[in-house]
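Some notes on the structure that comes next.
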Amino acid sequence: MPELPEVEVTRRSFADRITGATIREARLGKPLRWPLQCAPQSLAGMRVRGVRRRGKYLLMDLSGGLLLVHLGMSGSVMFYHQLPPAGVHDHFDLETDLGTLRLHDPRRFGAVVFALSEADPVARKLLGHLGVEPLDGGFEPTAFLAGLRLRKAAIKQVLLAGELVVGVGNIYASEALFLAGIRPTTPAHRISKPRAARLHAAVIDVLSRAVEKGGSTLRDFSNANGEGGYFQLEAMVYGRAGAPCRVCASTVRTIKQGQRSTFFCPVCQKR
DNA sequence: AAAAGCCCCTGGATGC
DNA sequence: TGCATCCAGGGGCTTT
């Protein structure tokens, strides 16, 4: 579910309320993608200094380290003052004096990992290879173009890989390529400079508009207050196979790339 | 070394 | 109603 917009919306929905809290207890449910890397009880007494985001990771700065939270495909987080009983898909609770942060994740592709700092090998393994943040001003068209020139894979795959720019997942890759008028199968190194510039702008545009709309709620995504997003209503191609293109009325097509669905308009995205 | 495939897991939708 | 099949927002690891 969660790509950059959903993770950022999630972060904003609870960061202020948990910052300054003291952890009372951490509880684990069924195993997530990776082990926590510390005893849950060792988190007790630590203060939450703030919540940042890096790519699709939430980074909770603690007085004694760093908690990396990833929502995987089906994860979401809720922040409770009155904690309901844990459901079968609730797999992590961070109980503090200001409320409890609970991770709900049916498929358990998500993870909560403790590291001493970002320099900790545990953190570096997960964050070290990530590309630049698209919405932080450090995402430059020139560097983006240079990165594309080095890769022969399909542009959709290059966007998803997150090594040039982070946070673009399956929905927003299709959307950004539509906005830029680029065919998802085009080898990255074949994209001209002006077209790369359009794609660069499209990535920023689609991600920032999605954040404004609260992200995309396809099945069950919600922020920490249980509120869904609305960007799915504005999707130009994602999930619209067989429907008319919103620009030219041609039939939107779907193909598989790396066992994931890609959506595009064969007329608006000729190459 | 880049690129392509393979998994991890559960549940909802669809088809027979 | 029951059962099989396919599909889903991610991404690390292994194999080419």
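All of these numbers come straight from a predicted model, not from anything done at the bench. The sequence lines fix the lettering, A, B, ..., with proteins before strands; numbering per chain opens at 1.
A straight line from CZ of A:R124 to P of C:dG12 spans 15 Å, rounded to a whole angstrom. Distance, A:L207 CG to C:dG9 P: 16 Å, rounded to whole Å. Distance A:L68 CG to C:dG11 C1': 15 Å, rounded to the nearest Å. Between the NZ atom of A:K125 and the P atom of C:dG12 there is a distance of 10 Å, given to the nearest Å. Atom CZ of A:R240 is separated from atom P of C:dG9 by 17 Å (rounded to the nearest Å). The separation between A:L164 atom CG and B:dA3 atom P is 10 Å, rounded to whole Å. For the pair A:L160 CG and C:dA8 P, the interatomic distance rounds to 13 Å; values are reported in whole Å. Counting to the nearest Å, the P atom of C:dG10 and the CG atom of A:N170 are 6 Å from each other.
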Please set out all donor-acceptor pairs under 3.5 angstrom arising from side-chain atoms of residues 136-154 of chain A, sequence neighbours excluded.
unit_1 : atom_1 : unit_2 : atom_2 : d
A:R149 : NH2    : A:I191 : O      : 3.3
A:R151 : NE     : A:G147 : O      : 3.4
A:R151 : NH1    : A:E163 : OE1    : 2.9

Taking only distance into account, with no hydrogens and no angle test, what donor-acceptor pairs under 3.5 Å do side-chain atoms of residues 178-185 of chain A form with protein atoms, sequence neighbours excluded?
unit_1 : atom_1 : unit_2 : atom_2 : d
A:R183 : NE     : A:Q269 : O      : 2.4
A:R183 : NH2    : A:P266 : O      : 3.0
A:R183 : NH2    : A:Q269 : O      : 3.2

Which atom pairs, one a donor and one an acceptor, fall under 3.5 Å between side chains of residues 17-29 of chain A and the rest of the protein, sequence neighbours left out?
unit_1 : atom_1 : unit_2 : atom_2 : d
A:R17  : NH2    : A:S13  : O      : 3.0
A:R17  : NH2    : A:N225 : OD1    : 2.4
A:T19  : OG1    : A:A15  : O      : 2.6
A:E25  : OE1    : A:R27  : NH1    : 3.2
A:R27  : NH1    : A:E95  : OE1    : 2.9
A:R27  : NH2    : A:D93  : OD2    : 3.1
A:R27  : NH2    : A:E95  : OE1    : 3.2

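With the nearest nucleotide of DNA chain C identified for both A:L126 and A:R107, A:R107 has the one nearer the 5' end.
Listed pair A:H70 / C:dG12 fails the phosphate criterion, with no side-chain N or O lying under 4.0 Å from OP1 or OP2. In terms of phosphate contacts, A:Y57 brings no side-chain nitrogen or oxygen within less than 4.0 Å of OP1 or OP2 of C:dG10. Under 4.0 angstrom from either OP1 or OP2 of C:dG9 there lies no side-chain N or O belonging to A:K56.
Not one N or O on the side chain of A:S174 forms a donor-acceptor pair closer than 3.5 Å with the backbone of A:Y238. For the pair A:E175 (side chain) and A:V237 (backbone), a donor-acceptor distance under 3.5 Å is present.
Comparing the P positions of C:dG11 and B:dG11 gives an interatomic distance of 22 Å, to the nearest angstrom. Distance check on atom P: B:dC6 versus C:dC6 gives 15 Å, rounded to whole Å. The separation of C:dC7 from B:dG5, taken at their P atoms, amounts to 16 Å, rounded to a whole angstrom.
Counting only Watson-Crick or G-U wobble pairs whose defining distances are both under 3.5 Å, the stems of 3 or more consecutive pairs in DNA chain B are B:2-8 with C:10-16, B:10-16 with C:2-8.
Evaluation of the side chain to side chain donor-acceptor pair (under 3.5 Å) rule for A:K256 yields A:S261 as partners, not counting sequence neighbours. Under the side chain to side chain contact (heavy atoms under 4.5 Å, CB included) criterion, A:A86 pairs with A:D90, A:R102, sequence neighbours left out. Residues satisfying the side chain to side chain donor-acceptor pair (under 3.5 Å) test with A:Q157, not counting sequence neighbours, are none. Not counting sequence neighbours, the partners of A:E227 by the side chain to side chain donor-acceptor pair (under 3.5 Å) test are A:N223.
Between A:T96 and A:L101 there is no side-chain heavy-atom pair separated by less than 4.5 Å. Residues A:R12 and A:F14 form no side-chain contact, since every pair of their non-hydrogen atoms from C-beta on lies 4.5 Å or further apart. Using a 4.5 Å heavy-atom threshold, the side chains of A:T10 and A:F221 count as touching. A heavy-atom distance below 4.5 Å is found between the side chains of A:I255 and A:F264.
Taking every heavy atom of residues 255-263 of chain A and every atom of DNA chain C, pairs under 4.0 Å involve A:K256, A:R260, A:S261, by number. Residues from residues 26-40 of chain A with heavy atoms under 4.0 angstrom of DNA chain B, sorted by number: A:K30.
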Identify the pairs formed between an N or O of the protein and an N or O of nucleotides 11-13 of chain B at a distance under 3.5 Å, and give each distance.
unit_1 : atom_1 : unit_2 : atom_2 : d
B:dG11 : OP1    : A:H89  : NE2    : 2.8

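Counting any heavy atom pair closer than 4.0 Å across all strands shown, A:F231 reaches no nucleic acid atom. Within the 4.0 angstrom heavy-atom criterion, only backbone atoms of the sugar-phosphate kind lie near A:H129; the bases stay farther away.
In this structure, A:F109 counts as stacked on the base of B:dC8 under the 5.5 Å centre distance and 30° plane angle limits.
Residue pairs that meet the side-chain hydrogen bond (donor to acceptor under 3.5 Å, both in side chains) test with at least one member in residues 43-56 of chain A, sequence neighbours left out, are A:E8-A:R53, A:R52-A:D61, A:R52-A:E118, A:R53-A:E133, A:R54-A:E133.
Taking 4.0 Å as the cut-off between side-chain N and carboxylate O, A:D205 and A:R209 count as a salt-bridged pair.
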